[in-house]
There are 2 protein chains.
Amino acid sequence: MSSPLSWGPPHPERADAARNRQRLLTTARELLSEAGPDSLTMDRLAERSGLGKGTVFRRFGTRAGIFQALLDDNERALQHEILSGPPPLGPGAAPVDRLTAYGSARIRFLTENEDIARAATEGRRPGGRRPPMSQIHIRVLLRELDLPGADVDVLTGQLASALEAPLLLQLLDAPEQDRSALTARFEVGWRYLVERVCGSTGTTAG
Amino acid sequence: MSSPLSWGPPHPERADAARNRQRLLTTARELLSEAGPDSLTMDRLAERSGLGKGTVFRRFGTRAGIFQALLDDNERALQHEILSGPPPLGPGAAPVDRLTAYGSARIRFLTENEDIARAATEGRRPGGRRPPMSQIHIRVLLRELDLPGADVDVLTGQLASALEAPLLLQLLDAPEQDRSALTARFEVGWRYLVERVCGSTGTTAG
DNA sequence: CGCGTAAGCGGGGTAAAGTCCGCTTATGTC
DNA sequence: GACATAAGCGGACTTTACCCCGCTTACGCG
């Protein structure tokens with residue numbers, strides 16, 4: 001049983017729809033490699049694919065959606081390695097090792113697809129994104145902690161990203177839960193993370 | 001001197017510019033509370049502030065920039081508490097405690113400003129955001145690890161957010177560094193995080 | 001094989017974002 | 001207080017995302 005799990009669209013598309021999606025993705029990649037992300041407009045993509053604008057929007061919903069779709073599509077190979085490739089990325093290794101392996105793989109994947117990832121994430125660059133308050137504050141505190149072997153700058157980013165809006169909003173989107181309970185969970189989760197990372201790990205073993 | 005540190009714009013604005021920024025923020029809040037985020041268009045904001053559209057864009061660069069600015073402005077109070085409020089949020093407590101306190105404060109801040117945060121982050125909702133591959137995979141592995149006292153769902157989100165595009169892209173934006181070194185750092189950082197969290201913490205103490 | 005129907009398609013229309021560049025005005029200097 | 005100059009301003013203009021809704025077509029069923 002390779003059990004492909006449920007990582008496919010739960011609702012299979014009609015044959016022509018699938019064909020058009022493929023055509024659109026291909027054209028998108030062409031435009032991208034020919035003239036960069038800015039040249040990839042919905043109109044142009046539609047026309048050059050020989051399809052209607054409506055179709056493009058039906059498929060991807062949003063301009064960012066196209067880049068997201070491209071990214072997802074490129075991610076398929078990685079997905080396959082995880083499901084049925086060799087360890088430690090694939091099954092068979094210890095969970096911790098699979099976790100670190102997955103992280104490395106994903107980081108490499110993102111750097112290889114930097115331009116697409118960038119286009120999928122940021123709309124336009126609103127100018128100088130100075131590091132926000134969170135990062136400055138967290139960095140200072142981490143430095144005071146003086147964690148041996150830690151890359152403070154990287155760790156700062158990692159912790160800060162756990163306090164960014166998208167994560168919390170995603171949790172809040174969970175249906176039929178009451179807010180206060182969710183935020184409480186989130187706060188406890190944060191405390192857990194901090195304690196683990198900045199860890200009084202040795203104290204218990206004494 | 002409460003030493004305001006360097007958390008202000010490093011380049012002071014002209015008096016009229018400052019006044020206009022304030023006017024714009026106020027109007028933005030009015031529009032927001034009167035008719036919701038969707039009603040806040042650049043044109044409307046400009047007109048209702050009695051200013052030109054160019055001014056709005058000069059100030060905020062982008063529609064999302066307005067919401068970001070609103071958020072930043074609302075965050076000022078929190079900022080002040082951190083710099084000179086009572087512990088554990090303010091100075092005087094142990095760094096770890098300040099970290100957890102900061103996290104809690106920020107989480108509460110975000111929930112209180114949910115609508116603005118949402119508008120600042122997501123452009124439009126591209127439809128059903130099913131949880132991406134990262135989360136599914138990480139969640140499975142975390143469950144296998146069976147960490148005592150951990151909220152797996154929350155922890156999943158936290159770890160996944162450390163592998164999301166924005167964080168890596170931000171690091172890659174650092175000037176005059178070579179890519180491979182940065183990604184290597186990032187990979188090491190990830191390994192560090194995973195080991196800390198999923199911790200073979202007791203093993204060293206044995 | 002023909003029919004019903006729901007999914008998919010098309011492309012014109014609208015409103016909003018973001019750009020440009022000449023004009024205005026704050027601010028520092030003599 | 002007049003001047004020089006650089007920052008700020010305005011609003012017409014262009015481009016583009018995104019919506020709408022009648023038409024077309026794939027595909028399951030009898």
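Order of the sequence lines fixes the chain letters, A, B, ..., with proteins taken first and strands second; residue numbering starts at 1 for each chain.
- Contacts between residues 14-24 of chain A and DNA chain D, defined by a heavy-atom separation under 4.0 Å, are made by A:Arg14, A:Ala15, A:Asp16.
- For the residue pair B:Glu187/A:Ser104, the side-chain donor-acceptor check at 3.5 Å is satisfied.
- Contacts with DNA chain D (heavy atom under 4.0 Å) in residues 41-56 of chain B: B:Leu51, B:Gly52, B:Lys53, B:Gly54, B:Thr55, listed by number.
- For A:Pro37, the side chain to side chain contact (heavy atoms under 4.5 Å, CB included) partners two or more places apart in sequence, or in a different chain, are A:Leu32, A:Phe67, A:Ala119.
- Distances shown here put a side-chain N or O of A:Thr62 below 4.0 Å from the OP1 or OP2 atom of D:dC18.
- For the pair B:Arg29 and B:Asp73, the salt-bridge criterion is met [side-chain N within less than 4.0 Å of a carboxylate O].
- The distance between atom CD of B:Glu13 and atom P of D:dG8, rounded to the nearest whole Å, is 8 Å.
- Using a cut-off of 4.0 Å between Lys/Arg side-chain N and Asp/Glu carboxylate O, B:Arg59 and B:Glu13 are scored as salt-bridged.
- Rounded to a whole Å, the CZ atom of B:Phe57 is 13 Å from the C1' atom of D:dC13.
- If you measure from atom CG of B:Asp38 to atom C1' of C:dA17, you get 15 Å, rounded to the nearest angstrom.
- Side-chain atoms of B:Thr41 and B:Asp43 form no donor-acceptor pair, as typed in the model, at a separation below 3.5 Å.
- For the residue pair A:Arg14/A:Asn20, the side-chain donor-acceptor check at 3.5 Å is not satisfied.
- The residues B:Glu30 and B:Arg48 are annotated as salt-bridged, a charged nitrogen and a carboxylate oxygen being separated by less than 4.0 angstrom.
- We find that A:Glu144 and B:Arg98 are not joined by a salt bridge, their nearest charged nitrogen and carboxylate oxygen being 4.0 Å or further apart.
- Distances shorter than 4.0 Å separate some side-chain N or O of B:Arg59 from OP1 or OP2 on D:dC9.
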